[in-house]
Amino acid sequence: MGKLSASILSADLANLADQVKAVHGHADVIHVDVMDGRVGPWLTIGPVVVASLRRHTDRILHGHLLVDGPERLFDELAESGVDLVSLHVEAVEDTGPVIAKARGAGLGIGLAIGPATGAEALTAHLEEVDDVTVVTGPPAAPGPAFLPEVLPKVEAVRNEIERRGLSADVAVDGGIGLDNARRCVDAGANVLVAGAAIFGADDPSDAARALKAIVEAA
């Protein structure tokens with residue numbers, strides 16, 4: 001099933017509840033980038049803000065964790081209302097115990113790879129996770145440029161999921177917009193993570209509607 005995930009990193013954080021409510025009609029997931037200024041290039045938001053946001057949305061809250069030692073945050077994120085977390089394989093030495101700890105905290109679990117990491121880093125763990133994310137833009141400011149050369153990795157991961165008869169979602173995150181969403185879906189993504197393309201639009205609800213229509217064909 002195709003899903004649209006609205007990334008609040010590009011939202012007006014001073015009006016976050018209203019921004020999220022504006023896309024409720026079309027976004028299935030609210031995507032929260034949790035960065036520590038080391039693995040992720042900035043210091044962003046964490047469980048306190050997520051707990052406040054949870055009171056204003058019934059959508060799935062997905063914590064994309066670009067932090068050292070992400071397992072330190074699992075219990076607090078679960079208490080704040082996060083449903084699913086994604087770990088970057090580049091930031092975790094041994095994924096098995098970290099995945100188990102996320103499950104123990106009652107969280108859904110996913111893995112993510114940056115543009116420089118090969119698809120095999122995800123395919124080695126497909127049976128263990130609910131979601132895999134291929135980052136399709138460089139680590140830069142919100143609204144990074146889309147990297148089309150990453151799409152073969154999306155295709156490789158999708159093919160392996162289908163070959164094994166698994167059900168993990170395949171998400172793309174980074175520079176996603178109306179000009180490239182169809183290419184991502186055609187490569188095998190069934191989750192589009194979009195930030196600037198939604199919250200930077202004159203009408204975020206309309207932008208979300210257009211992107212959802214594309215991913216629903218996944």
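- Counting heavy atoms from C-beta outward, Ser205 and His26 have side chains that approach closer than 4.5 Å.
- Put simply, the side chain of Asp130 does not reach to within 4.5 Å of the side chain of Asp169, judged on heavy atoms.
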Going through the distances and angles, do Ser5 and His62 end up as a side-chain hydrogen bond (donor to acceptor under 3.5 Å, both in side chains)?
CA-CA 9 Å; Ser5 182; His62 182 178; 5.1 Å; no
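- Under the 4.5 Å side-chain criterion, counting only non-hydrogen atoms from C-beta, Val134 is not in contact with Asp173.
- No donor-acceptor pair closer than 3.5 Å links the side chain of Arg183 to the backbone N or O of Pro148.
- Side-chain contact between Thr136 and Pro115: absent, with no pair of heavy atoms (C-beta onward) separated by less than 4.5 Å.
- Within the 3.5 Å criterion, the main-chain N or O of Ala112 finds no donor-acceptor partner in the side chain of Ser86.
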Worked check of side-chain hydrogen bond (donor to acceptor under 3.5 Å, both in side chains) between Asn15 and Asp18
CA-CA 6 Å; Asn15 296 287; Asp18 290 340; over 6 Å; no
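- A 6.0 Å sphere centred on CD of Glu93 holds no more than 12 heavy atoms belonging to other residues, nucleotides or ligands.
- Considering only residues two or more places apart in sequence or on other chains, Ala171 meets the side-chain contact (heavy atoms from CB on, under 4.5 Å) condition with Asp131, Thr133, Val191, Val193.
- Checking Leu111, Val170, Ile161 one by one against Leu126, the side-chain contact (heavy atoms from CB on, under 4.5 Å) holds for a single residue, Ile161.
- Within the 4.5 Å cutoff, the side chain of Arg54 has heavy atoms near those of the Asp83 side chain.
- At a threshold of 4.0 Å, the pair Arg209-Asp203 does not count as salt-bridged, since none of the basic side-chain nitrogens sits closer than that to a carboxylate oxygen.
- Residues Glu155 and Arg158 are not paired through a salt bridge, judged by the lack of any N-O separation under 4.0 Å between the basic side chain and the carboxylate.
- Residue pairs meeting the ring pair (Phe, Tyr, Trp, His ring centres under 6.0 Å) criterion with at least one partner in residues 85-133, sequence neighbours excluded, are His64-His88.
- A donor-acceptor contact shorter than 3.5 Å is absent between the side chain of Arg164 and the backbone of Glu127.
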